[in-house]
Amino acid sequence: MTTSPPPGSATPAGARVQTKITVPDDQQMVNLLGARDDVLKLVERSLNSDIHVRGNEITISGTPADNALAERVFAELLELVQKGEILTLDAVRRVVSMLEQGTAERPAEVLTLNILSRRGRTIRPKTVGQKRYVDAIDEHTIVFGIGPAGTGKTYLAMAKAVQALQGKQANRIILTRPAVEAGERLGFLPGTLYDKIDPYLRPLYDALHDMIDPESIPKLMAAGTIEVAPLAYMRGRAQPLTAKVLTPDGWRQIGDLAVGDLVVGSNGLPTPVLGGYPQGRRPVYRVTTQDGASTLACGEHLWTVRTPDDRSHGRPSRVVQTQEMIGQLRRGHLHRYELPLVDPVEFVPREVPIDPYALGLLLGDGCLTTSTTPSFTTADPELVEALDAAPPGNGGRGGLLIANPVTVALRELGLAGTRSETAFVPESYRLNSAAVRLAVLQGLLDSDGGPVVPRGRTCRIQYTTCSARLRDDVVFLVRSLGGVAYRHDAYALDIRLPEGLQPFRQGRKRAAYEQHGGRRPMRFIEAIEPAGETETVCIQVAAADSLYVTDDLIVTHNTLNDAFIILDEAQNTTPEQMKMFLTRLGFGSKIVVTGDITQVDLPTGTRSGLRVVQEILEGVEDVHFARLSSADVVRHRLVSDIVDAYARWDAAQQAPPVPTSLPGNRAAHGRSGRRR
């Protein structure tokens with residue numbers, strides 16, 4: 001493109017001058033003018049300069065300022081053509097509008113910023129406001145898109161979510177809306193729960209179908225990769241106040257936890273609690289695994305699971321809700337949902353008065369009544385030698401087999417006087433390092449356990465005791481080391497430990513176990529049953545995978561990590577709902593909140609959470625408020641005019657009334673009334 005300079009070195013501001021633009025490429029010229037010269041005609045109507053075209057030369061006549069604008073318009077349109085874009089009348093209008101507004105962004109950059117492409121259709125911003133909104137989503141963790149209908153708030157947020165999913169920047173998409181429209185209540189709508197909420201979520205489904213192959217959407221939703229739910233579902237993920245959570249110091253009730261407290265994550269290490277959120281009285285379910293473990297959780301509580309299909313296809317774990325698994329727990333004779341197992345837990349190390357392996361042997365085959373010198377009875381000389389060789393406790397109590405120190409140690413541990421049916425593992429050993437717990441377990445298994453090799457099957461570990469308390473303690477030791485323990489009968493256990501943990505020290509048992517190998521421990525969900533209603537709470541933990549350990553060392557999930565979360569129609573949230581939603585944010589996640597504060601459907605007197613949050617979070621780092629206007633409307637041109645008309649009307653309604661008469665006149669009218 002070439003431009004001829006205006007004649008003369010100095011031109012009066014109001015004088016008319018000519019500017020010529022030459023387009024060397026014939027096809028580019030054809031595209032620049034449009035079919036039947038419709039692009040050229042629109043440019044002529046939009047500008048003050050006169051436009052004449054002859055061949056590949058465009059002549060612009062007008063004032064220097066008008067010509068400069070016309071030159072920029074043609075330069076931007078030509079750049080769009082050179083980038084392979086087909087000029088539309090809408091694109092021309094937007095180019096002219098952006099240049100007249102004097103925005104810093106060039107129209108050609110705005111209109112060629114591709115977000116997604118599918119089946120020859122490209123999704124991109126169409127206005128400067130939309131581009132700034134899209135850029136803000138890239139640059140900030142939480143973005144509020146506030147503006148009138150038709151400005152592309154939800155659609156562009158959805159496109160960025162799909163882009164993040166396809167680009168592996170997010171593992172899942174969560175789409176949510178408050179189910180509130182003009183005072184309607186879900187309970188009075190016909191059909192099932194999903195029939196009731198479907199109309200509210202339909203705009204999100206429709207946008208999703210524009211961006212992803214419709215055939216793959218049900219699969220993505222079934223896998224938990226895409227979750228579409230009313231806002232009320234986002235507040236779930238709750239357990240009863242009395243549910244136990246494992247901490248580095250032992251069990252605590254979840255209702256007693258506070259921000260900053262440490263709990264045990266799925267990796268067996270401490271992770272801090274970032275928040276606790278009361279959820280009120282809610283229906284709960286008892287979730288039971290095939291090894292007899294169980295815990296209580298609400299229907300919306302999250303679980304990280306893996307199905308047989310996931311394993312066979314090498315897919316990672318998925319996240320599902322309790323209620324999604326009900327009625328789907330088996331496929332044929334196979335369990336469907338496998339839960340992760342905790343890695344060996346590292347409790348705070350403690351000093352112990354008796355060597356942990358020796359204590360395991362004594363609990364299995366020892367006499368601890370202390371009415372006589374504590375003794376150990378076995379027909380296996382290897383165990384006798386192991387007990388003799390065991391070092392004294394690292395608490396400095398002296399030689400292990402000297403009666404008096406051992407008796408003192410047993411009394412200190414609360415074991416003095418116990419018998420076979422009342423034996424137990426003291427807390428200082430149960431809640432100790434993984435090495436101490438494994439040593440205790442090895443002593444117990446060397447004395448009262450052994451490898452069992454059924455014909456045609458892998459080796460398992462069996463343990464037998466006549467003490468119910470000791471049986472439960474062994475179950476805890478196994479589970480805290482990342483294994484599973486099944487009750488064979490009242491006092492017999494079948495045990496599986498993770499690879500790398502040797503259950504035996506005795507040579508014969510160890511050799512048999514190593515020869516036949518052990519199957520990896522697995523924990524599946526066996527049953528989900530209603531368990532009434534109770535007060536509940538949810539916690540947010542700092543673990544990267546959002547997992548923590550609850551009752552019976554079940555690993556459960558409670559926040560939204562690595563997710564792209566969109567809250568649509570946010571003007572219909574209450575301030576409390578908005579706070580609840582924003583505090584669900586997990587690590588690696590991004591939140592986009594969209595809404596129009598002029599279209600609030602909340603009951604009279606209820607403040608919109610979208611209005612309130614602007615007062616609270618304005619200026620907070622990594623939180624951005626993108627405000628779109630009628631200039632960003634991308635629907636029919638009338639929509640923009642309608643939005644502006646309503647804005648003017650609202651402003652007029654809020655303006656103070658204008659007096660219709662002077663004070664003197666009102667006084668005169670008053671006197672006239674008194675005379676009558």
Side-chain angles (χ1 to χ4, degrees), residues 244 246 250-251 264-269 288-295 304-306 311 317 335 337-347 356-357 360 363-364 424-425 429-454 457-465 469-489 491-506 509-510 512-514 516-526 547-556:
K244 291 187 296 183
L246 193 60
W251 295 107
V264 174
S266 64
N267 58 1
L269 300 176
T288 305
T289 62
Q290 95 288 5
D291 63 333
S294 71
T295 190
T304 294
V305 299
R306 204 172 185 207
R311 291 194 300 275
S317 298
H335 290 92
Y337 299 110
E338 180 185 356
L339 294 173
L341 293 169
V342 65
D343 289 342
V345 178
E346 284 296 339
F347 295 111
Y357 177 69
L363 290 173
F424 64 92
V425 178
Y429 289 81
R430 282 188 294 109
L431 303 181
N432 212 317
S433 67
V436 168
R437 298 197 312 280
L438 178 60
V440 174
L441 181 62
Q442 289 172 330
L444 290 164
L445 295 178
D446 277 352
S447 56
D448 282 336
V452 176
V453 187
R457 301 181 65 182
T458 58
C459 178
R460 69 175 187 268
I461 307 159
Q462 195 167 85
Y463 173 76
T464 305
T465 179
R469 187 174 176 185
L470 184 56
R471 174 205 59 202
D472 294 342
D473 289 343
V474 170
V475 169
F476 177 84
L477 292 176
V478 170
R479 290 172 174 169
S480 71
L481 291 169
V484 293
Y486 306 81
R487 291 188 181 181
H488 186 64
D489 57 30
Y491 297 108
L493 301 173
D494 281 345
I495 296 170
R496 295 193 185 278
L497 290 174
E499 185 178 0
L501 290 187
Q502 174 56 248
F504 306 104
R505 292 190 184 182
Q506 187 188 49
K509 295 179 180 180
R510 181 175 184 139
Y513 184 76
E514 290 177 346
H516 297 283
R519 183 181 176 187
R520 75 175 180 92
M522 292 182 287
R523 174 175 270 177
F524 295 93
I525 295 180
E526 174 77 21
L547 300 177
Y548 66 93
V549 180
T550 186
D551 299 286
D552 292 336
L553 286 104
I554 293 175
V555 175
T556 191

- Message: To check you understand the geometry: which heavy-atom pair defines the closest contact between Asp551 and Ser294, and what is its length?
- Response: CB-O, 3.4 Å
- Within the distance-only criterion (no hydrogens, no angle test), does the side chain of Arg437 pair as donor or acceptor with the backbone N or O of Leu431 below 3.5 angstrom? no
- Given Val425 and Leu444, is the side-chain contact (heavy atoms from CB on, under 4.5 Å) satisfied, shown in steps? CA-CA 10 Å; Val425 178; Leu444 290 164; 4.3 Å; yes
- Query: Are any non-hydrogen side-chain atoms of Tyr429 and Leu441 less than 4.5 angstrom apart?
  - Reply: no
- Message: Please give me the minimum heavy-atom distance between Leu497 and Tyr513, naming the atom from each residue.
- Response: O-OH, 4.3 Å
- Message: One thing to verify: whether Asp472 and Arg487 come together as a salt bridge, which I'm taking to mean a side-chain N less than 4.0 angstrom from a carboxylate O.
- Response: yes
- Query: Do Phe476 and Leu553 touch side chain to side chain, with heavy atoms closer than 4.5 Å?
  - Reply: yes
- With a 4.5 Å limit on heavy-atom distance, are the side chains of Gln462 and Asp494 in contact? yes
- Message: As a quick check of understanding, evaluate side-chain contact (heavy atoms from CB on, under 4.5 Å) for Leu547 and Thr304, giving each step before the final call.
- Response: CA-CA 8 Å; Leu547 300 177; Thr304 294; 3.4 Å; yes
- Query: Any side-chain heavy atom of Leu445 sitting closer than 4.5 Å to one from Ile495?
  - Reply: yes
- Item | CZ on Phe424 to CG on Asp473, rounded to 0.5 Å | 8.0 Å
- Query: With side chains defined as the heavy atoms from C-beta onward, is the minimum distance between Asp448 and Thr465 less than 4.5 Å?
  - Reply: no
- Apply the salt bridge (charged side-chain N to carboxylate O under 4.0 Å, His left out) test between Glu338 and each candidate in Arg523, Arg311, Arg306; give the one that qualifies. Arg311
- Counting distance only, does the side-chain N/O of Glu499 pair as donor-acceptor with the main-chain N or O of Arg520 below 3.5 Å? no
- Message: How long is the straight-line distance from CG of Leu493 back to CD1 of Ile461, given to the nearest 0.5 Å?
- Response: 11.0 Å
- Answer whether the closest heavy-atom distance between the side chains of Arg496 and Met522 falls below 4.5 Å. no
- Message: Phe347 vs Leu246, test: side-chain contact (heavy atoms from CB on, under 4.5 Å). Steps then yes/no.
- Response: CA-CA 10 Å; Phe347 295 111; Leu246 193 60; 3.9 Å; yes
- Query: What pair of heavy atoms forms the shortest contact from Pro521 to Gly483, and how long is it?
  - Reply: CB-CA, 4.0 Å
- Query: For the side chain of Lys509 and the backbone of Pro503, is there at least one donor-acceptor N/O pair under 3.5 Å apart?
  - Reply: no
- Query: Taking atom CG of Leu481 and atom CG of Leu501, what is their separation to the nearest 0.5 Å?
  - Reply: 6.0 Å
- Task: Please check if the side chain of Thr550 supplies one atom and the backbone of Lys244 the other of a donor-acceptor pair under 3.5 Å.
- Result: yes
- Message: Classify the ring geometry of Phe524 against His335: parallel below 30°, tilted from 30° to 60°, perpendicular beyond 60°.
- Response: parallel
- To the nearest 0.5 Å, what is the distance between CZ (Arg479) and CG (Asp291)? 5.0 Å
- Under 3.5 Å, is there a donor-acceptor pair between the side chain of Asn267 and the main chain of Leu269? yes
- State, with a plain yes or no, whether a side-chain heavy atom of Leu339 is found less than 4.5 Å away from one of Val555. no
- What are the two closest non-hydrogen atoms of Ala492 and Thr464, and how far apart are they? CB-OG1, 4.1 Å
- Note on the structure: Pro451 and Ala512 have their tightest heavy-atom pair at CG-CB, 3.8 Å
- Task: Look up atom OG in Ser447 and atom CD in Gln442, then write down how far apart they are to the nearest 0.5 Å.
- Result: 11.5 Å
- Item | Pair Arg505 + Asp446: basic N to acidic O under 4.0 Å | no
- Would a 4.5 Å heavy-atom cut-off, applied to side chains only, mark Tyr486 and Gln290 as touching? yes
